[in-house]
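Data block below; observations after.
Here is how names work: the chains are called A, B, and so on, in the same order as the sequence lines, proteins then strands, and each is numbered from 1.
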There are 4 protein chains.
Amino acid sequence: MALTTEQRVRRAAVKLFATKGFHGTGIRDLAQSAKISSASLYHYMGTKEDLLVGIMRECLDRLLLAARQTLETVDDPAGALSALVTLHVMAHAAQPDETRVVDHEVGALSRSARRDIVALRDEYEAIWADTIAAGVAAGVFDAPDPAVTRLALLEMCTGVARWYSPRGPLPLDRLAARYAQLALRMLDCPASPGAGAAERAREVAARVWRTRP
Amino acid sequence: MALTTEQRVRRAAVKLFATKGFHGTGIRDLAQSAKISSASLYHYMGTKEDLLVGIMRECLDRLLLAARQTLETVDDPAGALSALVTLHVMAHAAQPDETRVVDHEVGALSRSARRDIVALRDEYEAIWADTIAAGVAAGVFDAPDPAVTRLALLEMCTGVARWYSPRGPLPLDRLAARYAQLALRMLDCPASPGAGAAERAREVAARVWRTRP
Amino acid sequence: MALTTEQRVRRAAVKLFATKGFHGTGIRDLAQSAKISSASLYHYMGTKEDLLVGIMRECLDRLLLAARQTLETVDDPAGALSALVTLHVMAHAAQPDETRVVDHEVGALSRSARRDIVALRDEYEAIWADTIAAGVAAGVFDAPDPAVTRLALLEMCTGVARWYSPRGPLPLDRLAARYAQLALRMLDCPASPGAGAAERAREVAARVWRTRP
Amino acid sequence: MALTTEQRVRRAAVKLFATKGFHGTGIRDLAQSAKISSASLYHYMGTKEDLLVGIMRECLDRLLLAARQTLETVDDPAGALSALVTLHVMAHAAQPDETRVVDHEVGALSRSARRDIVALRDEYEAIWADTIAAGVAAGVFDAPDPAVTRLALLEMCTGVARWYSPRGPLPLDRLAARYAQLALRMLDCPASPGAGAAERAREVAARVWRTRP
DNA sequence: TATGAATGAGGATTCATTCAT
DNA sequence: CATGAATGAATCCTCATTCAT
């Protein structure tokens, strides 16, 4: 089915913001990319910033939703962390442009918009913090500085969006599995998590980002 | 001692490019920040892009230099990797603005400048690749997909520039040690590296970035 | 009874043109104010300028009509001038927005429209000129420079639209009477005009602008 | 002597704002009129609104200054009012563009700027109010509704800017004298004021607006 | 009758850069 | 060495208007 003009605009914005940055992307670039006039653009968006905020919010909303849905059915910390990593990596590999925008353009937001977006991001990171803390409390994770470990994990996984290509040699699920393994090693967690957790994460990812299950 | 005007310009640029992005930073911002008129700016730089290239090149040059100097005296793979991580983390924590610019603004470069900068970056990453390969060959590292592991390591360490604050609770050397530990865990490397490697890295860092040894 | 859409448009235009000026009022402002889409607006008006012309013409037509009807039954110059002042003041107090538009936005008209509108205005002012001339000829007015006196009178009376508020302390008929007095003083006219003239003016005003008689 | 670019800009703005209105005047019109590029315009002004505010403030400042200087040496109410009228009329005839801008474009100001400008205008009008009140108290003026009389007087005199032309038949000082006479008649003031007051007003006007004395 | 979609022209303002002084 | 003056091109966004539905 054909795309709505609004969708075309959104996609053009995502691609351009990811590639050239928010400030590096002109309204004319956007218009040309969406195949409409720059005046028409304003039927489908408010400000250029509104467009940015919309992209960021949707991306973070999905990430939050996916994380919550996944953790609902996972109990053990190793499984939970494994699932979070799987989700995060799949999201960043499946939507590298969206996630790059979220990660790189927070500084381009106005004060009030930034507050909102950062709040969402913090909410998401809190899930990771809780999961790590639970594993440490349960004695299955070793993390002398849990905050540092959390940030190291997140940056490592987020980085996928900066280099992963679907045309590369590594299938997505294998990549995700590799990252889950790395993450558990970082926490010195010997137990392989039940396969269910990662499985569950892949299902949710398939639903939320239409990745191949 | 007072700063040269050229240094003031350079610093202003680093700070602004890191904070607001290359395209988000105007020549007037730069001038104001360097306490100089925008016309005078052009006595101390070529183009705005030249300034950017200069910043990036210096940053990468130092990183390369530091990595090479350090590895000169380190032989074992665990020690080498540990040293690379230490250096990289210290560089990114000590110069978060410079390194953020390097990491975020490659896309703002013109084709030819980008080629140069990316070449430098590749050169640097090749050192990591070699180190990892050596460890795998020696049987002390486990890395089923070495390229993935390398990228995961680099993104993890580079991420430090996005969150580390010298006013935080963690002293820099402790942070670096923690990251080295994480890295070795990721490679499933049991052996603690000789303390000499990290020591050597700290010395080099002190010289190159004036971090406290 | 409910207002026609056309009336809503007209009123919105009058209010906005008076408040923000013709050039300061956007087609979208108009649409929003008339609770209609900006495209629908074009069913009820021609151009934005047509709307302006319509407002001006109606306002001036009424003024002319009222002046002529009033003077039909008034003979003495003092009475005539008194009636003109009464009418003018009541019109400008009762319809401050319309009259402000007429007075302020002539410069926004295209050449041909301006010619028409200015012709109407001149026609109206000619009535004043004639009335003053008649009084001077009859020896009841003293006006060394009749044109100056006419302009002074008109500007004085027109100014009412710029400050009068129906919520102020002064009832409209009292205001009009005060202005009539001022006008006669300016002409050094001792005779109080017959009460009939002002009475007649108030009746006409009541019919033309629905002021309370 | 040749005019500064800044002066050229100011004059162009005054002329255009008076003729086509603030919103009707484009930045390009201004630039063309001042014979510079539209970008260069911004070396000599802040915003378009700043330009407007500057014009208004200077105009009102001069009016206030002139009024105060004049009244310093005038004591009797008739003389004072006569002087105020003379000044006001001369100012509006000598600077019709500036004063038209002040009178017509207050609505184009942003909230805060409007507050400032209206405060100045109120200050000026207070001088008139005081003068009228003094005359009434002294028994030389008859003004049943002093506020109404003040507004009628001001509107009458201000109107001069809307029609007076230096190429017309009436010399400026004669016009001013005529208006002073009209004003005193409006207040039913029999006494001719001492010739000194109007003389003084003309001197001040000559200094402030370079009118011919 | 009513409107969402569409646009070329233009709105004010800022851009990076040059150059004469 | 330093800068005020200058500008063409570009910035984001709004303008009045049309038209197919």
Side-chain angles (χ1 to χ4, degrees), chain A residues 4-6 8-9 22-31 34-52 108 110, chain B residues 4-6 9 22-32 34-52 108, chain C residues 4-6 9 22-31 34-52 108, chain D residues 4-6 8-9 22-31 34-52 108:
Chain A
T4 310
T5 306
E6 196 170 1
R8 281 212 319 279
V9 169
F22 178 75
H23 288 303
T25 301
I27 232 72
R28 284 162 179 81
D29 298 327
L30 268 169
K35 292 180 209 300
I36 47 173
S37 79
S38 64
S40 298
L41 219 48
Y42 286 85
H43 269 280
Y44 300 97
M45 61 176 218
T47 326
K48 203 180 124 188
E49 197 195 354
D50 290 341
L51 197 52
L52 176 60
S110 66
Chain B
T4 311
T5 306
E6 196 169 1
V9 170
F22 178 74
H23 289 302
T25 301
I27 230 72
R28 282 163 180 77
D29 298 325
L30 270 169
Q32 188 176 1
K35 293 180 207 302
I36 212 180
S37 83
S38 65
S40 299
L41 218 49
Y42 284 83
H43 278 277
Y44 299 97
M45 63 175 213
T47 324
K48 200 181 135 191
E49 197 194 355
D50 291 341
L51 197 51
L52 176 61
Chain C
T4 310
T5 307
E6 196 169 1
V9 170
F22 177 74
H23 288 302
T25 301
I27 230 71
R28 284 163 179 77
D29 298 326
L30 270 169
K35 292 181 208 302
I36 214 181
S37 83
S38 66
S40 299
L41 218 49
Y42 284 83
H43 279 276
Y44 300 96
M45 62 175 215
T47 322
K48 200 181 133 190
E49 197 194 357
D50 291 341
L51 197 52
L52 176 61
Chain D
T4 312
T5 306
E6 195 169 3
R8 281 212 321 278
V9 169
F22 178 75
H23 288 304
T25 301
I27 231 71
R28 285 163 179 81
D29 298 327
L30 268 169
K35 293 181 208 302
I36 47 173
S37 79
S38 62
S40 297
L41 219 47
Y42 285 83
H43 269 279
Y44 300 97
M45 62 176 216
T47 327
K48 203 181 125 188
E49 197 195 355
D50 291 341
L51 197 52
L52 176 61

Next item on the list: Give the minimum heavy-atom separation between D:Arg8 and D:Lys35, together with the two atoms involved.
Entry: NH2-O, 3.8 Å

Margin query: Holding to side chain to side chain contact (heavy atoms under 4.5 Å, CB included), I want the full list of residues that pass it with B:Gln32, two or more places apart in sequence or in another chain.
Written below: none

Next item on the list: Identify the two heavy atoms, one from B:Leu41 and one from B:Ala31, that lie closest to each other, and give their separation to 0.1 Å.
Entry: CD2-N, 4.0 Å

Margin query: What is the distance, to the nearest angstrom, from the OH atom on B:Tyr44 to the C1' atom on F:dC1?
Written below: 6 Å

Notebook entry, point to check: Does the side chain of C:His43 come within less than 4.5 Å of C:Ile36's, by heavy atoms?
Noted result: no

Notebook entry, point to check: Using a cut-off of 4.0 Å between protein heavy atoms and nucleotide atoms, how would you tag nucleotides 16-21 of chain F 5' to 3' with B, S and -?
Noted result: BBBB--

Checklist line | Nucleotide E:dT14, atom C1' - distance to CG of B:Leu30 in whole Å | finding: 15 Å

Item checked: Atom-to-atom span, CD of B:Gln32 to P of E:dC15 - whole angstrom -> 11 Å

Next item on the list: Tell me, please, which residues at least two apart from D:Glu49 pass side chain to side chain donor-acceptor pair (under 3.5 Å).
Entry: D:Ser110

Next item on the list: Could I get the full list of side chain to side chain donor-acceptor pair (under 3.5 Å) partners for A:Ser40, not counting sequence neighbours?
Entry: A:Ser37

Margin query: Rounded to whole Å, how long is the line connecting atom NZ of C:Lys35 with atom P of E:dT3?
Written below: 13 Å

Note to self: Please give the stem ranges for DNA chain E, sorted by first residue number, where a stem is three or more consecutive Watson-Crick or G-U pairs and both donor-acceptor distances are under 3.5 Å.
What the structure shows: E:2-21 with F:2-21

Notebook entry, point to check: Please give, in whole Å, the distance from E:dG8 P to A:Leu41 CG?
Noted result: 13 Å

Please set out all donor-acceptor pairs under 3.5 angstrom arising from side-chain atoms of residues 23-30 of chain C, sequence neighbours excluded.
| from | atom 1 | to | atom 2 | distance (Å) |
| --- | --- | --- | --- | --- |
| C:Thr25 | OG1 | C:Leu16 | O | 3.3 |
| C:Thr25 | OG1 | C:Gly21 | O | 2.7 |
| C:Asp29 | OD2 | C:Lys20 | NZ | 3.3 |
| C:Asp29 | OD2 | C:Gly26 | N | 2.8 |

Note to self: Nearest whole Å is fine: how far is E:dA12 P from D:Ile36 CD1?
What the structure shows: 14 Å

Margin query: Suppose we screen for side chain to side chain donor-acceptor pair (under 3.5 Å). Which residues come up paired with B:Thr47, at least two apart in sequence or across chains?
Written below: B:Asp50

Check: For D:Asp29 and E:dA12, what is the distance between atoms CG and C1' respectively, to the nearest whole Å?
Finding: 12 Å

